[in-house]
Amino acid sequence: MIELDNVGYSYGGGELLREVTVRLAPGSFHFLTGPSGSGKTTLIRLCYGALQPSSGQVRVFDTDLRGLDRDQMALMRRRIGVVHQDCRFLDHLPVADNIALPLIVSGRDVAAEAGNLAELMKWVGLGARADALPPELSGGERQRAALARAVIMSPDVILADEPTGNVDWEMSQRLLRLLVELNRMGKTVLIASHDLGLIRAAKSQVQARVLRISDRRLQLAGADL
Amino acid sequence: MKRGAIRTVLLGDAQAGRLVPPSGQTAHLTLFVAGAMAFLAVFALALSLAAGRLADRWAEELARSATLRINAPAEQMAAQTEAALKILRQTPGVARARALGREEQAALLAPWFGAGLPLEDLPVPQLIEITAAEPAYDEAGLRLRLQAAVPGAVLDDHSRWRRPLVRAAHSLRRLGWISVLLIGGATAAMITLAANAALAANAQVIEVLRLVGARDGYIAGAFMRRFTLRALIGSAVGTGLGMIGVMLLPEASAEGGFLTGLGFQGAGWLLPLAIPPLGALVALAATWAAARRRLKELS
């Protein structure tokens, strides 16, 4: 699905990542962990082409991202669901429209998918909040709305950057269950998180591998977590 | 520009338009600028067309005409006029020579002396209107012959004051067209500024759209549609008001001279109708360029 081959990333003279080689196989479930500022978000952004690697190669769906033009990049992003750390909504549109945004921008008939949309909103527990504006939502509701938006196009890969960043334990368990459920449906999942408790909780539900960024390199963490 | 983007703008994608939050002030300013510019363009256009007509008319009317003025004592006037006419008719290159009648001369003097002038009592010179043929007569030769036969004759071929007038009318027309171009450029510049402001204000929206897989054409289309429609509506209103203004100008008349000749004539009235579509086109291109530049900065 997504392959990073000897990828390095530097910005303004500082090197953040080096010699990162990893392959996310279809249907796999990965955690990405590491201290704050170690480059988790950067690595996620490299995976969907929001950043270009300084060295090495990123392949998504067997295509080198460097070879894609801007329109091809847009089409590729429709196949990857991304949950951003800060969610990123259009604050003037109600939650339902925000969740349907990928459908709207890809020219799909939103009315025809209204049933799916309602079902999805119920699945993430936002059925009653469809008409609320994003600033009116709580932290947990925002994260769930972001997850719903990430999966509405039925993507093959879901990248989640600290999806449980500012929600309580119970809510983070709920979000985790949703992601595990998606993985069981065959989606490839990568979750960046520094929450070791969450990772331990996940290991009882799904066969998850843990990648750790340490000293600018990516390592496969042992079973000791 | 890709065809898809043009189609998005022309056919309209209400969804895309909704994705960009409404922007009250920019919208009103764009409408106002487009309207004001269209209004000015109508007048610049009217000026150019009128100046062009004037230059053509003056050049045409004056090119071939000259006046012979005969100053002579009253008792010799008829004889000298007859002699002058005879010479003129024999001169190759003169198509027509005609002595002005009393009424005609009185009409020429009426603006200065009032009607009812007793022309018979005044030593008014006799005027002969000469129309040149193609090729025209030899001016120097004619002067010499007239000098010998008709001592009181003075030939005035108009070119002395004709050329600067025609030149002035041509410059006026040029200025009018330059104004039209400048107005178009200024409109493009102002819409670019407004579009840039809107794009900057909506940087977050653009980023989100890009992240969920919107193509550049789709994002640019949302903005282009907005600014194109505003420019179209604004310049349609401005053009309408400008045309009403031109219509209310006084009719062309002999008394008013050049100033009342301003305005459109015949098919010329169709020309200002091109201003709104052109304004919309300028807005479309300006917004497209601005959006392209802005989107290139995003990955």
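Looking at residues two or more places apart in sequence or on another chain, you find a side-chain contact (heavy atoms from CB on, under 4.5 Å) between A:Ser154 and A:Lys187. Taking the salt bridge (charged side-chain N to carboxylate O under 4.0 Å, His left out) definition, one finds that A:Arg23 meets it with nothing, sequence neighbours left out.
Using a 4.5 Å cut-off between heavy atoms, B:Leu211 touches chain A through backbone and side chain atoms alike. Of the two parts of A:Asp97, only the side chain, counted from C-beta on, holds a non-hydrogen atom closer than 4.5 Å to a non-hydrogen atom of chain B.
Applying the ring pair (Phe, Tyr, Trp, His ring centres under 6.0 Å) rule to pairs touching residues 30-64 of chain A yields A:Phe29-A:Phe31, A:Tyr48-A:His84, sequence neighbours excluded.
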**OP:** Report the C-alpha distance between B:Arg167 and B:His170 in whole Å, list the side-chain angles of each, state the deciding distance to 0.1 Å, and finish with yes or no for side-chain hydrogen bond (donor to acceptor under 3.5 Å, both in side chains).
**Re:** CA-CA 5 Å; B:Arg167 215 165 35 230; B:His170 276 302; over 6 Å; no
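Distance check, rounded to the nearest 0.5 Å: CZ of A:Arg149 to CG of A:Leu103 gives 12.0 Å.
Below 4.5 Å, heavy atoms of chain A meet heavy atoms from B:Gln204, B:Val205, all part of residues 188-206 of chain B.
A:Ser28 contributes no side-chain N or O that, together with a main-chain N or O of A:Thr188, makes up a donor-acceptor pair within less than 3.5 Å.
Of all non-hydrogen atoms in A:Ile152 and A:Ile99, the two that sit nearest each other are CG2-O, 3.5 Å.
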